[in-house]
Amino acid sequence: MRAVALLRWKLRGVVVAGLLLLPGALGAQAPAQRDSLDALRDSLARVADSAALAALETRMIAYAREHREEPMVHLRLGLVALRLGQLGRRDGFDDAAGEFEWATDLAPDWPWGWYGRGLAESGILDSPVSLVAGLQAMFGKDRLARTAANFARAAEVDPSFTRALTDLAATALEQRINIKLELALEALRRGAGTVAGRDTAVLLARGRVEREAGDADSSVAAFRAYLERGGDAALGRLELARSLFVTGSLDGVAPYYEAAAAGAPAADSALRRDLVALAADSDLAALDARHGAARAEWLRAFWERRDVADLRPAGERLREHYRRLWYARRNFRLVSTRRQYRIEERFRSYSKDWDDRGIIYIRHGEPTARATIAINDLPLNQSWRYERPEGDLIFHFVAREDVQDWKLVESLYDILGFDQAVALRSGIATPDQRALLSTLLQSRSGFAPVYDRLLASGGVGTVGLMDRERLAGRRSIATGTTTDSYALRFAGPLPAAQWELLAAGTADGTPMVHFTWAVPGGSLVAVPSTRGPLYPVRVRIAVTALPGGRTAAFVDTTTLFVSGHPVGREEWLVGRVPVPLAPGRYLWHMALQEGEAGARSALDTLVIPDGSALALSDLVLGAPTSGLRWVRAPGDTVWFNPVGALRADVPLQLFYEVLGLRAGEPYRTELRVTKPGGLGFLGRLFGRGASLTVRSEDRAPAGRAALQRTLDLMRLAPGTYTLELSVAQGDARVRRRATFRVLPRSP
């Protein structure tokens, strides 16, 4: 009881202190009046006893009956009612809104009344009826819109009123529909010429609003000013990095990691929120377990792994992530968080921030192609395709009852709805349903080959094809919602480009992997120069260790080839990139770029044996005419041929290694060259295209056995052949195969 009495005495003291201030003339609100309201609000925020507050309110109401024309009385009553609403009184926010409205009627030029109305409106919830709430939002009558309008009026009355500016900015950024960014931006820019324009809280708010409104350069300037004026260094650097990334600059990388290393709670929380749409739960747990410098190092490794995986220079994936987040907020943000799902909408993210397009966009960026059709008989629909060497990803989205909530479905047929999809698959669809399907398939003609095949078949009665289309969509969803990418894209393809990975040989005791490539002259675009035609070829290679995904090698190199004359259409530009790699299992892929055109390889595996068991290296097939070589030692040259074609009158040079031999014991080698599909009767009769077989037996040397052989191809007719090498020692046997083409002899 004594504690309650003391609390009431303290509250009474606050009110009495405020009441002693004279109301003054109804012009601009006096600084002392504002200070008293700030003090009262801060004091009330520390009170949790609603009974004491209700008693105080009763006494204040009695006083107000005798001083109805004093705005300060209504402002104080509004603050008390506001706090009661925060503590759970049912009509508290409505009572507060009434008192603040009375104050604005008496003193429309005082900012605190409008600001108080905004505070009260922020507590008055929208209709619990979804339809009514949607209409409120549509017409700008929802809670956040009402709140923003009152904060904006307070800032208009007094552009230097800091609280109104910062709360207006926060409200505008929180809105999902009818966003008041322009209103907030106008108020913040108007306040820039006042004392509020130098306030760090206002500068922080302005930077955020400028960025969301699309003026990233002004946002950068605001955050730089925020840091110069002593704002939170870690948070300021993170916000600066976010804005620099939106401008497309990599200059945001350094402040991003500085913010992460600072160990500041506000920056740490923001950094984590930025990763939620991308990182797995295990990643977030690992991030949460680290602080300060360790947190920054974890983030650096997280982003560098993605740079390497996407064949990107350091920092590009991080920059792209923040550009995607900015774009998603503007285009894919959910208006309502009350998501409902139909039976055909099997993927369920339960996201409260993004529709399913946003989920895919944040993970994979801009699709290679989009397709849609807008007719009355179909809901809103979109299809996205991401081109990938290992197989395209295809996503279908549909928005039914809620036109702002797009959801993933497995198949294009699901856009028609579950019942129609079942009817079409079972062959009992009506003519109208078939016609609607045909229209839908026509809209995806050229989007992906499967839809042209379905269209040609009539779309029904091809259950196997329909099942494959659905399975592809299901796999795309599984991949697209659990992985992320930033695939290289080129202005055009690099037709007929070839590449090959060969693990063979050592340098200073370390196994070597040779990435060889070839581009035909018909695909090249020369750059004129005084030295002759220039051909810049950029090669990017990424190798990651398995398991774990550690970066084992990353190469990004550009070579300028200078030729005395343009490379002919039948000629090839070739190159080799050697990479030392320790024994182990790896994933690798590469990209070739010449000028603006390029090509990517699919992700593939690589195994480098450690020599603990009998094993063969890759088979390196080449000839001196290719011009591509590796000098292992003086007088010891390995020739490559990434084109894979050899003339019959030029001997084939074969290089390989045998590992895991038991030293001093005999081992057997058999080399066969055959034509796939068999020689046929006429081939055997006339000896054309006959296979070559070479057998030998040797004693195993100590360590790795590096061997070279020369094969005469004169007996082979033009065509494609398989070279198979097998090595046996005791009961152990290993094999390797390689294919090559034989060209006619030179004239």
Side-chain angles (χ1 to χ4, degrees), residues 277-278 306 309-312 317 320-321 323-324 327-328 331-332 344-347 349 354-375 378-399 406-416 421 437-457 459 462 465-495 589 591 597-603:
L278 180 68
R306 282 158 172 77
D310 294 320
L311 299 170
R312 296 277 181 176
R317 183 64 182 87
E320 172 67 4
H321 178 63
R323 187 204 64 80
R324 291 178 186 179
Y327 187 89
N331 294 277
F332 307 127
E344 68 271 14
E345 296 160 354
R346 298 197 178 188
F347 171 74
S349 73
W354 324 106
D355 66 31
D356 291 356
R357 297 173 305 167
I359 289 169
I360 297 300
Y361 190 91
I362 291 170
R363 288 183 173 275
H364 301 283
E366 186 65 23
T368 308
R370 300 180 191 230
T372 186
I373 183 172
I375 59 175
L378 287 174
L380 295 174
N381 61 89
Q382 289 184 14
S383 296
W384 292 3
R385 176 170 60 83
Y386 290 86
E387 188 176 293
R388 307 197 317 170
E390 57 270 28
D392 294 355
L393 294 178
I394 295 177
F395 302 100
H396 304 293
F397 306 95
V398 62
W406 293 75
K407 300 188 182 76
L408 272 167
V409 291
E410 292 178 345
S411 168
L412 186 69
Y413 289 74
D414 290 335
I415 292 173
L416 301 169
L437 170 63
S438 179
T439 301
L440 181 58
L441 287 171
Q442 287 173 17
S443 71
R444 269 54 173 184
S445 177
F447 180 76
V450 65
Y451 299 110
D452 290 310
R453 292 197 295 270
L454 283 166
L455 186 61
S457 69
T462 54
L465 190 56
M466 293 170 66
D467 287 347
R468 287 196 293 275
E469 185 266 347
R470 180 173 295 278
L471 180 60
R474 186 177 303 158
R475 288 173 174 169
S476 292
I477 292 174
T479 300
T481 57
T482 57
T483 65
D484 61 278
S485 63
Y486 185 24
L488 290 174
R489 293 190 182 170
F490 306 101
L494 199 58
H589 62 146
R600 294 183 292 138
S601 75
L603 200 63

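One is the number of the first residue; the rest follow in order along the sequence.
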Exactly one of V398, L437, N381, L441 clears side-chain contact (heavy atoms from CB on, under 4.5 Å) with L412, and that residue is L441

**Prompt:** Between S601 and H589, is any side-chain donor less than 3.5 angstrom from a side-chain acceptor?
**Reply:** no

Next item on the list: Step by step, work out the side chain to side chain contact (heavy atoms under 4.5 Å, CB included) result for L488 and D310.
Entry: CA-CA 7 Å; L488 290 174; D310 294 320; over 6 Å; no

Answer yes or no: is there a side-chain heavy-atom contact under 4.5 Å between E410 and L471? no

Tell me whether R370 at atom CZ has more than 12 heavy atoms from other residues, nucleotides or ligands lying less than 6.0 Å away.
yes

So CZ of R474 and CG of D467: to nearest 0.5 Å the spacing works out to 8.5 Å

Closer than 3.5 angstrom, by distance alone: can the side chain of D392 be matched with the main-chain N or O of R385 as a donor-acceptor pair?
no

Taken to the nearest 0.5 Å, the spacing of I415 CD1 from H396 NE2 works out to 6.5 Å

Exercise. Inspect the contact between R317 and E320 and indicate whether a charged nitrogen and a carboxylate oxygen are less than 4.0 angstrom apart.
Key: no

Result for side chain to side chain donor-acceptor pair (under 3.5 Å) between Y451 and one of R444, E469, Q442 points to E469

Separation between CG (D356) and CZ (F347), nearest 0.5 Å, reads 5.5 Å

Correct closest heavy-atom pair for Y361 and E366 would be CE1-OE1, 3.3 Å

Side chains of R363 and L278 in contact at under 4.5 Å (non-hydrogen atoms): yes

Check your understanding: Tell me, do I394 and F447 make a side-chain contact under 4.5 Å, heavy atoms counted?
Key -> yes

**OP:** Evaluate the side-chain proximity of W406 to F332: yes if any heavy-atom separation is below 4.5 Å, no if none is.
**Re:** no

Side-chain (R312) to main-chain (A487) donor-acceptor, under 3.5 angstrom: yes

Review point. So does R475 have more than 12 non-hydrogen atoms from other groups sitting under 6.0 Å from CZ?
Key: no

Inset, instruction - Measure the shortest side-chain to side-chain distance between I360 and Y386 over non-hydrogen atoms and say whether it is less than 4.5 angstrom. - result: yes

Just so I know, are the side chains of R600 and F490 near enough to count as touching, which here means a heavy-atom distance under 4.5 Å?
yes

Output for pair (R470 CZ, D414 CG), nearest 0.5 Å, gives 4.0 Å

Closest heavy-atom pair, H364 versus T479, reported as atoms and distance to 0.1 Å, is NE2-O, 4.2 Å

Audit row: R489, T368, side chain to side chain contact (heavy atoms under 4.5 Å, CB included) steps and yes/no: CA-CA 9 Å; R489 293 190 182 170; T368 308; 3.6 Å; yes

- Query: Is there a side-chain contact between L454 and M466, using heavy atoms and a 4.5 Å cut-off?
  - Reply: yes

One should read off an interatomic distance between L408 CG and I477 CD1, to the nearest 0.5 angstrom, of 5.0 Å

Rounding to 0.5 Å, atoms OG1 (T372) and CH2 (W384) come to a distance of 11.5 Å

N/O donor-acceptor pair under 3.5 Å between S443 side chain and I373 backbone
no

Review point. Can you tell if the side chain of V450 reaches within under 4.5 Å of the side chain of R468, non-hydrogen atoms only?
Key: no

Heavy atoms of L603 and E390 approach each other most closely as N-OE1, 4.2 Å

For P493 and A597, the nearest pair of non-hydrogen atoms, with its separation, is O-CB, 3.1 Å

